[in-house]
> 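Next up is a structure, given as structure tokens.
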Amino acid sequence: MGWDTILFDLDGTLTDPKEGITKAVAVALEHFGIHEDPDNLTSFIGPPLDESFIERFGFNEDQIIVGIEKFRAYFSRQGWLENIPYPGMTELLRELKAAGKHLLIATSKPEQFAVQILEHFGMAEYFDHICGAPMDEHEGARKADVVRKALARGGVSDLSRAVMVGDRRHDVAGAHEAGLACIGVLYGYGSRAEHEKAGAEYIAADLNELRGILLG
């Protein structure tokens with residue numbers, strides 16, 4: 001351990017975005033005549049939208065494009081505000097900065113939404129760089145690509161001195177593909193079994209355990 005740089009996922013790791021994301025997905029599905037309870041759409045939290053539309057509903061490329069447009073129309077209007085920082089998260093970020101850690105965001109969410117959300121909740125100031133996906137490119141939302149972009153912006157060359165923190169298997173896989181270890185957190189939307197299967201080096205049940213791993 002003894003990491004100098006810590007990369008954080010956003011959704012399900014720093015904030016609970018359930019209401020905004022699941023409602024936005026439900027609105028997008030309604031366009032195609034698919035009526036789904038938002039509570040059944042939590043699998044959309046974390047992964048890139050195109051992957052989730054394919055996995056859950058078998059969307060083709062044209063449907064994905066329209067689905068993402070409908071999702072973002074709702075999300076940009078109100079979904080981004082239907083979001084809650086996890087209790088104690090701001091205090092943890094403050095402690096990490098006080099300990100001299102460099103903090104980066106690596107999220108599959110479009111970067112402008114990530115900046116908007118973190119600024120709104122007063123968390124942006126703790127991060128050296130906020131890195132997300134381009135608004136109009138599926139490939140750029142892949143976790144490994146976002147992680148690599150964050151590492152480049154942060155000037156990180158020694159990968160053994162950096163670690164990823166996330167709540168889903170996509171965070172673990174993306175971190176590993178980019179050459180980083182990953183801490184899987186269980187207070188978000190991924191299970192212990194999911195993180196173990198993905199090969200997370202560390203698993204934190206709550207913020208206290210995460211604090212102990214990061215500040216050890």
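Every heavy atom of this structure was used, including side-chain atoms; hydrogens, water molecules and symmetry mates were not.
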> Would a 4.5 Å heavy-atom cut-off, applied to side chains only, mark Leu14 and Ile117 as touching?
no

> What's the spacing between His31 NE2 and Phe71 CZ if we round to 0.5 Å?
15.5 Å

> Would the distance check show the side chain of His195 and the main-chain N or O of Asp167 forming a donor-acceptor pair, the cut-off being under 3.5 Å?
yes

> Can you name the side chain to side chain contact (heavy atoms under 4.5 Å, CB included) partners of Asp158, sequence neighbours left out?
Ser160, Arg161

> Quick test of your reading of the model: are Asp39 and Lys18 salt-bridged, counting only N-O distances below 4.0 Å?
yes

> Is the closest basic N to carboxylate O distance between Asp9 and Lys109 below 4.0 Å?
no

> Who pairs with Thr5 by side chain to side chain contact (heavy atoms under 4.5 Å, CB included), at least two apart in sequence or on another chain?
Leu7, His102, Leu104, Val156, Ala162

> With the 4.5 Å side-chain cut-off for hydrophobic clustering, are Met164 and Trp3 part of the same group?
no

> So, does Thr13 use its side chain to make a donor-acceptor pair with the main chain of Leu10 at under 3.5 Å?
no

> With side-chain contact (heavy atoms from CB on, under 4.5 Å) as the test, pick out the partner of Val163 among Leu180, Ile213, Ile6.
Ile6

> Could you please spell out the steps behind the salt bridge (Lys or Arg N to Asp or Glu O under 4.0 Å) verdict for Glu51 and Arg142?
CA-CA 9 Å; Glu51 291 182 21; Arg142 289 183 65 251; 5.7 Å; no

> Same cluster for Tyr74 and Leu29 if Ile/Leu/Val/Met/Phe/Trp/Tyr side chains link at under 4.5 Å?
no

> Assess the side chains of Arg56 and Ser43: does a donor N or O sit below 3.5 Å from an acceptor N or O?
yes

> Output all residues satisfying side chain to side chain contact (heavy atoms under 4.5 Å, CB included) with Gln63, sequence neighbours left out; order by chain, then residue number.
Phe32, Phe59, Asn60

> Do Glu95 and Tyr126 have side-chain atoms, one donor and one acceptor, less than 3.5 Å apart?
no

> Please report the interatomic distance CG(Leu81) to CD(Glu19), rounded to the nearest 0.5 Å.
10.5 Å

> How long is the straight-line distance from CG of Leu151 back to NE2 of His129, given to the nearest 0.5 Å?
11.0 Å

> Taking all atoms of both residues into account, what is the closest heavy-atom pair of Pro38 and Ala26, and its distance?
CG-CB, 4.1 Å

> Would the distance check show the side chain of Glu209 and the main-chain N or O of Ala205 forming a donor-acceptor pair, the cut-off being under 3.5 Å?
yes

> Using the rule that Ile, Leu, Val, Met, Phe, Trp and Tyr join whenever any side-chain heavy atoms are under 4.5 Å apart, tell me whether Ile34 and Val27 fall into a single cluster.
no

> Does a side-chain heavy-atom distance below 4.5 Å link Thr107 with Val146?
no

> Please tell me whether Phe44 and Ile84 are part of a single hydrophobic cluster in this structure, the criterion being side-chain heavy atoms less than 4.5 Å apart.
no

> Will you find, in the side chains of Tyr189 and Asp16, an N or O donor that is under 3.5 Å from an N or O acceptor?
yes

> Which atoms form the tightest heavy-atom contact between Ala178 and Val147, and what is the distance?
CB-CG1, 3.6 Å

> Can you measure from CE (Met123) to CE (Met89) and round to the nearest 0.5 angstrom?
6.0 Å

> How long is the straight-line distance from CD1 of Ile105 back to CZ of Phe8, given to the nearest 0.5 Å?
7.5 Å

> Say whether Leu186 and Val172 are linked into one hydrophobic cluster, either directly or through other cluster members, by side-chain heavy-atom distances under 4.5 angstrom.
no

> With side-chain contact (heavy atoms from CB on, under 4.5 Å) as the criterion, how do Ile203 and Ile183 come out once you've worked through the C-alpha distance, each side chain's angles and the decisive distance to 0.1 Å?
CA-CA 5 Å; Ile203 296 177; Ile183 303 168; over 6 Å; no

> Could you tell me whether the side chain of Asp171 and the main chain of Arg168 form a donor-acceptor pair under 3.5 Å?
yes

> Hey, does the side chain of Thr15 reach the backbone of Asp11 with a donor-acceptor pair shorter than 3.5 angstrom?
no

> More than 12 foreign heavy atoms under 6.0 Å from CG of Leu159: is that the case here?
yes

> Of the non-hydrogen atoms in Gly67 and Ala28, which two are nearest, and what is the gap between them?
O-CB, 3.4 Å

> Of all heavy-atom pairs between Pro47 and Ser52, which one has the smallest distance, and what is that distance?
CB-OG, 3.7 Å

> So, do Phe53 and Phe57 have ring centers that fall under 6.0 Å from each other?
no

> Does Lys101 NZ have over 12 foreign heavy atoms under 6.0 Å away?
yes

> Would a 4.5 Å heavy-atom cut-off, applied to side chains only, mark Pro17 and Asn83 as touching?
yes

> Take Phe113 and Arg72 through the test side-chain contact (heavy atoms from CB on, under 4.5 Å) and record every step on the way to the result.
CA-CA 10 Å; Phe113 287 150; Arg72 288 182 177 162; 4.2 Å; yes

> Just verifying a value: how many Å separate Leu214 CG and Tyr202 OH, rounded to the nearest 0.5 Å?
10.5 Å

> Ion pair present between Glu111 and Arg153, side-chain N to carboxylate O less than 4.0 angstrom?
yes

> Which residue is it: Lys143, Arg148, Lys149? I am looking for the one with a salt bridge (charged side-chain N to carboxylate O under 4.0 Å, His left out) to Asp145.
Arg148

> So do Tyr86 and Leu92 actually touch side chain to side chain, heavy atoms under 4.5 Å?
no

> Would you indicate whether the side-chain heavy atoms of Thr22 and Val25 approach each other to under 4.5 Å?
no

> Go through Asp128 and Lys97 one step at a time and tell me if the side-chain contact (heavy atoms from CB on, under 4.5 Å) criterion holds.
CA-CA 10 Å; Asp128 296 350; Lys97 289 300 288 185; 3.1 Å; yes

> Would you please test Phe121 and Trp80 for ring pair (Phe, Tyr, Trp, His ring centres under 6.0 Å) and show each step?
CA-CA 11 Å; Phe121 290 118; Trp80 71 277; 7.8 Å; no

> For Ala175 and Ala181, work out which heavy atoms get closest and say how close.
CB-O, 4.1 Å

> Would you tell me whether Glu201 and His176 have side-chain atoms, one donor and one acceptor, within less than 3.5 Å of each other?
yes

> Could you go through the side-chain contact (heavy atoms from CB on, under 4.5 Å) check for Met135 and Gln112 one step at a time?
CA-CA 8 Å; Met135 189 67 86; Gln112 70 182 60; 3.1 Å; yes

